[in-house]
Amino acid sequence: MNKFQKEIIYLLNKHGIKESILETPKSSDFGDYAFPCFTLSKEFKKDPKQIANELSNKIKPTKLIEKIHAVGPYLNFFINKTEYSKDVLTEVFKKKHKFGMSISTTPNSSARNQKKRIMVEFCSPNTNKPLHLGHVRNCVIGEAVSNILKFQNIKVIKSNLVNDRGIHICKSMLAYQKWGNNKLPDIKPDFFVGTYYVMFSQKAEEEKKSGKDILEKEAQLMLQKWEQGDKKIISLWKRMNSWVYEGFNETYKSLGAEFDRFFYESKIYKEGKEIILNGLKEDVFSKDETGAIIANLEKEKLGKKVLVRADGTTIYITQDIYLAKLKFEEYKLDESIYVVGSEQNLHFQILFKILEKLGYKWAKNCRHLSYGMVYLPEGKMKSREGKVIDADDLVKEVIELARFEIKERHKDLNNKEVEKRARAIGLSALKFYLLKTDFAKDIHYDPKESISFEGETGPYVQYTYARLSSVLRKLDEKLDKKLFGKTKFNVYDEKEKEIIRMLGEFPEIARDASAQLKPSIITRYLLDLCQKTNEFYHANPILAAPEELLRARIILVHCARQVIGTGLNLLGIEAIEEM
Ligand code: ARG
């Protein structure tokens, strides 16, 4: 609650109103805060309109509250804008990139840590091929959500589950063993491994046409050998996985994705099986007619789920059961978030239900953050397989587009600077586009549209930031240290006051984005703030303003720039000084 809200509550209290919830009117014509009188009609046995009217006559304006006005059953309060502007701008100015951050709750005397701990698992690739288009959306969401949570003073642990074993991995291994001639990677190493996966699929397909399935059987055999710890197989596996990791790391770096903890399926799948065997003993699970261990979730309309096959081998969900537990135990989590595509919605419904059945209290604190597919315009880009788009290629493409834009604008900018800006702008275009769309929706991503400096794009927000930066650079000499002390806050016009109101709302916006896990709340806010700022910038000649006004406007520009920069950073986007 800010001091204006506190004052209003105090005034209402003084006039006999004990419980008061304030609303924010839709239009500023109805003041800054509104108090609805409906609920009072019972107590006072009067029409709410009459109550509002009487109160408006009784409550006198104060230094903070300039005007009190009744409209129908509402009592509207108009706050002192000069005082408000001063408060908001002073706070932004003082707190800088920390403006809007939730302040830490003071730990109480009991030893319990007050800080919430949340794990965000994202990316989580399989090690048989390079990262693709879907991983890009995944990583961008994972990073942004983590930043947004951290901004609320939450301890965030970013994790990545690497599915590094299983039949799909054996397929690329087998192809390499047969046709790789022990060759070392001559292209990006994860792409190199990926070619053998493709090769396997092609050869297995050809075989099938002639009615054989030797390759599939050989891959199964290899998996069994892997599970038995066959030295030769394990060493091949290690070798090829190390190539994949080398490639992945490069892609993570280019996307700006970082992790605090990697989990590996190969190290945890056995423990999952143990939990399931125990569950069988305790009748949480049962065996079906084939001998497989299943969870019967028919009552929950989730069907029967196989957990361990009849031959004793484990499946995808086996490892997840242990992993969920490991996460909570290792990190004492309050919440565990999984950023995984919507094709696994059912998987996570089943997983969380099973965890609940196993009696884990924390099961209710698991959450699947699901997102839709990403499509590119037809014929836009083709990967080597002709189907899936690789993450690296997409990143390259957006940077290429940005590079072209920059070269158009600045004919003689040096190469180093061109590259720096191209990367920042290209990634901004991609990330902003992916984040502004509702997670549940599929995305038809158009790189060209996303790179535009106008419209609802990342580069548009970056451009606004760069422009404000350039104004400040020009004014550098005039910015003295005592700027603030000398500034008058009563000189702002309506447009400027509107920007200040928006700046004042930023902490709430950041809070909402975190509570709802929706970076799109921030993208929307930034677009609106930039639009208002640009209108102001066009209408008001900043440099030509007389001293008093100039001072006030410098502060406004400074603070708007600060909040736009903070907002971009929360989305994992770099704010650059020049474009
Ligand atoms: N590796 C899996 C895939 O590519 C995603 C893993 C998601 N995380 C999990 N805990 N199941 O489909």
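The basis for the numbers below is simple: all heavy atoms, side chains too, and nothing from hydrogens, waters or symmetry mates.
Across every non-hydrogen atom of N163 and S124, the tightest pair is OD1-O, 4.2 Å. The two atoms that bring F263 and S159 nearest to each other are CE1-CB, 3.7 Å, heavy atoms only.
Side chain of N138 to main chain of V339: a donor-acceptor pair is present (N/O by atom type, distance under 3.5 Å, no hydrogens or angles). S452 places no side-chain N or O within donor-acceptor distance of the main-chain N or O of K448, the cut-off being under 3.5 Å.
Within the 4.5 Å cutoff, side-chain heavy atoms of W362 are placed close to those of K325. Side-chain contact check for Y331 versus K327: every heavy-atom pair is 4.5 Å or farther apart.
Ring to ring, Y252 and F259 are close: their centroids are under 6.0 angstrom apart. Centroid-to-centroid, the aromatic rings of H368 and Y338 stay 6.0 Å apart or farther. Taking the six-membered ring for Trp and the full ring otherwise, the centers of F200 and Y196 sit at least 6.0 Å from each other.
Within 6.0 Å of NZ in K98 there are 12 or fewer heavy atoms belonging to other residues, nucleotides or ligands.
Relative ring orientation between W243 and F192 is described as perpendicular, the plane-to-plane angle rising above 60° on a 0-90° scale split at 30° and 60°.
Partners of D283 under the salt bridge (Lys or Arg N to Asp or Glu O under 4.0 Å) rule, at least two apart in sequence or in another chain, do not exist in this structure.
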